[in-house]
Amino acid sequence: MIRKNKSLMISLIIAAMMNLIHINIFNTDLTPDFVLLILIFWFFKNPNAVSISLFWFVGLINDIFMGDLLGQYALTYASCYFIAQYFISKIMLNNKYQQLLYIFLIFLSAQIIMLIINVMHDLHYPGLSYYLQSLTAVLIWHALSKFKFFKLDRWRPKRNPRSEEHTSEL
């Protein structure tokens with residue numbers, strides 16, 4: 001368990017550094033929220049290692065780190081935790097292409113929450129190209145899911161060995 005937490009912390013630090021890189025194509029920011037990508041990944045990979053308090057705390061640190069409104073990332077990440085919690089059984093039971101749809105919905109909802117917060121504070125509406133960051137996040141998720149470590153294990157019902165013994169005796 002300690003090794004998993006080290007991996008989680010190291011991956012969050014790397015993701016925070018990657019958030020500073022902006023991918024601009026045709027004056028459109030395509031950089032996804034790498035911190036949220038890592039949090040959602042670890043939530044699905046090991047749900048016991050992450051909690052809503054971690055999502056909120058990392059969001060608060062990200063608010064300070066990015067210099068944005070205090071609490072907007074914390075609220076967004078906590079909301080994404082609840083959305084991911086709602087979709088966890090659907091994501092873990094479906095194939096990887098259906099998982100991408102749910103991942104897209106999680107990132108799209110994060111962007112909509114951020115947009116609502118920014119518009120309420122009189123910041124400008126960025127336009128429809130703003131939503132391309134969700135597509136970039138899904139493309140990165142799909143590319144990384146090709147590697148063995150990044151594949152999400154499907155849930156399988158555990159077999160009861162006693163029930164197998166009784167059926168073999170009959």
Side-chain angles (χ1 to χ4, degrees), residues 1 4-92 99-145 149-150 152:
M1 188 67 165
K4 292 280 185 186
N5 287 339
K6 280 185 184 178
S7 301
L8 172 67
M9 292 306 156
I10 290 171
S11 61
L12 282 173
I13 291 169
I14 292 170
M17 286 188 239
M18 289 179 69
N19 267 355
L20 296 175
I21 301 169
H22 291 283
I23 304 167
N24 287 326
I25 298 175
F26 302 116
N27 288 333
T28 303
D29 187 18
L30 297 177
T31 309
D33 190 353
F34 288 107
V35 173
L36 183 60
L37 192 70
I38 294 296
L39 283 172
I40 295 294
F41 167 75
W42 280 107
F43 175 74
F44 292 129
K45 190 74 170 172
N46 188 4
N48 296 329
V50 294
S51 63
I52 188 165
S53 59
L54 179 69
F55 272 68
W56 183 83
F57 182 71
V58 169
L60 198 59
I61 297 296
N62 203 18
D63 284 327
I64 295 167
F65 189 63
M66 298 297 278
D68 286 333
L69 294 170
L70 191 61
Q72 75 176 3
Y73 280 101
L75 175 67
T76 303
Y77 290 178
S79 301
C80 287
Y81 174 84
F82 283 115
I83 295 167
Q85 185 75 30
Y86 179 76
F87 285 142
I88 190 166
S89 62
K90 293 176 176 78
I91 289 174
M92 299 307 281
Q99 289 175 356
L100 292 176
L101 174 67
Y102 291 111
I103 300 300
F104 175 73
L105 291 175
I106 291 170
F107 279 94
L108 184 65
S109 64
Q111 285 194 291
I112 290 171
I113 292 167
M114 293 286 278
L115 181 67
I116 290 170
I117 293 170
N118 287 330
V119 168
M120 287 175 57
H121 287 280
D122 295 330
L123 298 176
H124 71 286
Y125 177 71
L128 290 176
S129 62
Y130 172 72
Y131 302 106
L132 292 176
Q133 294 174 357
S134 295
L135 289 175
T136 308
V138 169
L139 291 174
I140 290 171
W141 187 283
H142 179 65
L144 290 177
S145 68
F149 178 76
F150 293 102
L152 298 179

**OP:** Show the numbers, then the answer: is there a side chain to side chain contact (heavy atoms under 4.5 Å, CB included) between Phe43 and Gln85?
**Re:** CA-CA 9 Å; Phe43 175 74; Gln85 185 75 30; 3.1 Å; yes
Subject >> Pair Tyr81-Leu54, side chain to side chain contact (heavy atoms under 4.5 Å, CB included): steps then yes or no >> reply: CA-CA 10 Å; Tyr81 174 84; Leu54 179 69; over 6 Å; no
**OP:** Please report the C-alpha distance between Leu101 and Val138 in whole Å, then the side-chain angles of each, then the deciding distance to 0.1 Å, and finally whether the side chain to side chain contact (heavy atoms under 4.5 Å, CB included) criterion is met.
**Re:** CA-CA 8 Å; Leu101 174 67; Val138 169; over 6 Å; no
**OP:** Could you walk me through whether Val58 and Tyr73 pass the side chain to side chain contact (heavy atoms under 4.5 Å, CB included) test, one step at a time?
**Re:** CA-CA 8 Å; Val58 169; Tyr73 280 101; over 6 Å; no
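No side-chain donor-acceptor contact under 3.5 Å links Gln72 to the backbone of Asn118. A side-chain donor-acceptor contact under 3.5 Å links Tyr130 to the backbone of Gln111. Looking at Thr136, its side chain never comes within 3.5 Å of a backbone N or O of Pro32 through a donor-acceptor pair.
Taking each heavy atom of Pro126 and Leu115 in turn, the nearest pair found is CD-CD1, 3.4 Å. Residues Ile40 and Cys80 share a closest heavy-atom pair of CD1-O, 4.3 Å. Contact record, Ile91 with Gln99: O-NE2, 2.9 Å, taken as the closest heavy-atom pair. Residues Asp63 and Ala74 come closest through the heavy atom pair OD2-N, 3.5 Å. When all heavy atoms of Tyr77 and Phe55 are compared, the pair lying nearest together is O-CD2, 3.1 Å. Here the closest heavy-atom approach between residue Ala49 and residue Asn5 is recorded as CB-OD1, 4.0 Å.
You'll find the side chain of Asn46 stays beyond 4.5 Å of the side chain of Val50, heavy atoms only. Side-chain contact between Asp33 and Asn19: present, with at least one pair of heavy atoms (C-beta onward) separated by less than 4.5 Å. For the pair Phe104/Trp141, no side-chain contact is recorded, criterion being any heavy-atom separation below 4.5 Å from C-beta on. Inter-residue side-chain proximity for Phe87 and Ile103 is flagged as unmet; no heavy-atom pair is nearer than 4.5 Å.
Interatomic distance, OH of Tyr102 versus OG of Ser89, reported as 8.5 Å (0.5 Å rounding). In this structure, Ile113 CD1 and Thr76 OG1 are separated by 5.5 Å, a value rounded to the nearest 0.5 Å.
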